[in-house]
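Note sheet for the following structure.
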Number of protein chains: 2
Amino acid sequence: MPSKPLSPITMDAVYAAPGYLFRRMQQIAVSIFMEECKAFDLTPVQYAALIAIHTHPGIDATRLSAVIAFDRSTLGSVIERLLAKGYIERKPAPEDKRIKLLHLTKQGVAILREIIPAVERAQARMLEPLKPAERKALMGLMSQLVDLNNEASRVPLRAEDALEHLGKAG
Amino acid sequence: MPSKPLSPITMDAVYAAPGYLFRRMQQIAVSIFMEECKAFDLTPVQYAALIAIHTHPGIDATRLSAVIAFDRSTLGSVIERLLAKGYIERKPAPEDKRIKLLHLTKQGVAILREIIPAVERAQARMLEPLKPAERKALMGLMSQLVDLNNEASRVPLRAEDALEHLGKAG
DNA sequence: GCTGGATCGTAAGTATACTGTCAATTAACA
DNA sequence: TGTTAATTGACAGTATACTTACGATCCAGC
């Protein structure tokens, strides 16, 4: 006589599941970003890529993917779009014919400067419904969880990889 | 003499941004789900759709999209895949020729029963790095935030829509 | 009873996100 | 040195996620 015949299978269980909440919040976050930044033709992913290339001029695509935790295949098309928009340029590396180095163009730097206030508004809006103390608590827990789960994702974040292109001293 | 010339534009600012953390955690959550459920040919989205159809037999695609907060267009292809796998069936509604009603097949019910333990393991693993009290706090804050931001997303959750197909008493 | 507006499913087009595989190139090693 | 291993960027294929548009159908108001 099993008192718990099987899991109940209710939608409430789905709505309370971590995976569901993370997916839903990601949906909402992208939506808010796109709304605040609609004047600029940039997606959240493209924005992150621009920031990373700005911070690490001359980085190559593989290292870039590690620095922003993007899948490398996906990043290829992201780079294509940023090239098409004229925000970045790609030059072959002299010492390694496989590698192509990435730099921001003048237009890339300009759009970055213009979009940053909109991005900051978007980031603030995502947490706006919470009280300040709650926002801080949530961001603290999320940072922890993302960091501790880093290896669980298919594309772990490797922030330190970005430095390798500057002289690769092990 | 601006003491804050512009935003510094560092990767650290990106890593601490809500939008980045939500995207990253969603990546990790999907990865863990797929790992735990790799014996079953089901994605997180397909799983949620199956649960919702099981909970609301005879629901149509539009209402289903509201119940699990999926984009209506995306849901079309999700349904196609579930049909192809034989987990659901689609029948025209007698009283409205536009509508197609969705039901689980025997195989759909079976796979759901089989996969649930794996899904529960996945959900637990996502929060595993945190202490129990932290898990509870995080889920509480996420539930709140997702709920309060519901209208900010392009596809707001409308759980109550699911009931309309049962006699639509306003 | 007919027409205008709403709704349903579908489709095309874009953008992530992942799986593989592949050729070219470089590095490591026997 | 010469073969193997690893790396880089590219491609094909699948799956979400969104936009807009379109035909079919239904309903409301006239």
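Predicted model only: the values in this text are computed from it and were never measured. Quick note on labels: first sequence line is chain A, next is B, and so on, each numbered from 1. Side chains are part of it too, since the values below use all heavy atoms of this structure and drop only hydrogens, waters and symmetry mates.
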Review point. dT25(C) C1' sits how many Å from E95(A) CD, rounded?
Key: 13 Å

Exercise for review: Sequence neighbours left out, what passes side-chain contact (heavy atoms from CB on, under 4.5 Å) with Q107(A)? Give chain and number order.
Suggested key: Y87(A), T105(A)

Practice item. May I have the distance from D96(B) (atom CG) to dC27(D) (atom P), rounded to whole angstrom? Key: 6 Å

Which atom pairs link the protein and nucleotides 4-6 of chain C when you take only N or O atoms and keep those under 3.5 Å?
none

**Study point:** Separation of atom CG in D60(A) from atom C1' in dT26(C), rounded to whole Å
**Key:** 14 Å

Exercise for review: Give every residue pair that meets the side-chain hydrogen bond (donor to acceptor under 3.5 Å, both in side chains) criterion with at least one member in residues 128-146 of chain A, sequence neighbours excluded.
Suggested key: none

Check your understanding: Nucleotide by nucleotide, 5' to 3', does protein get under 4.0 Å of the base (B), only the sugar-phosphate (S), or neither (-) in nucleotides 12-17 of chain D, counting heavy atoms?
Key -> ---SBB

Point to revise | Whole angstrom value for the distance that separates C1' of dT10(C) from NZ of K97(B) | key: 19 Å

Exercise for review: Say whether L148(B) and M25(A) are linked into one hydrophobic cluster, either directly or through other cluster members, by side-chain heavy-atom distances under 4.5 angstrom.
Suggested key: no

Exercise for review: Name all residues meeting the side chain to side chain donor-acceptor pair (under 3.5 Å) criterion together with E151(B); count only those two or more places apart in sequence or in a different chain, and write none if there are none.
Suggested key: R158(B)

Would you list the atom pairs, donor with acceptor, under 3.5 Å between side chains in residues 13-24 of chain A and any protein atom, with sequence neighbours excluded?
unit_1 : atom_1 : unit_2  : atom_2 : d
Y15(A) : OH     : V67(B)  : O      : 2.6
R23(A) : NH2    : I68(B)  : O      : 2.9
R24(A) : NH1    : Q27(A)  : OE1    : 2.7
R24(A) : NH1    : S153(B) : OG     : 3.3
R24(A) : NH2    : N150(B) : OD1    : 2.8
R24(A) : NH2    : S153(B) : OG     : 3.0
R24(A) : NH2    : V155(B) : O      : 3.3

Check your understanding: Looking at residues at least two apart in the chain, or sitting in another chain, which of them share a side-chain contact (heavy atoms from CB on, under 4.5 Å) with A93(B)?
Key -> E95(B), I99(B), L101(B)

Exercise for review: Rounded to the nearest angstrom, tell me the gap between atom CG in L101(A) and atom C1' in dT8(D).
Suggested key: 12 Å

Study note, to complete from the structure: I79(A) atom CD1 is separated from dG9(D) atom P, nearest whole Å, by 8 Å

**Study point:** Side-chain heavy-atom pair T55(B), I51(B) within 4.5 angstrom cut-off
**Key:** yes

Review point. Can you list the residues that meet the side chain to side chain donor-acceptor pair (under 3.5 Å) rule with Q46(B), with sequence neighbours excluded?
Key: K85(B)

Review point. Can you list the residues that meet the side chain to side chain donor-acceptor pair (under 3.5 Å) rule with R81(B), with sequence neighbours excluded?
Key: S77(B)

Exercise for review: Could you state the atom-to-atom distance from CG of L75(B) to C1' of dT19(D) in whole Å?
Suggested key: 16 Å

Check your understanding: Does E80(B) have any side chain to side chain donor-acceptor pair (under 3.5 Å) partners at least two apart in sequence or in another chain, and if so, which?
Key -> R90(B)

Point to revise | Neighbours of DNA chain D within residues 31-40 of chain A, by heavy-atom distance under 4.0 Å | key: none

Point to revise | Listed partners of R125(A) passing salt bridge (Lys or Arg N to Asp or Glu O under 4.0 Å), at least two apart | key: E35(A), E36(A)

Point to revise | Separation of atom CD1 in I59(B) from atom P in dC8(C), rounded to whole Å | key: 11 Å

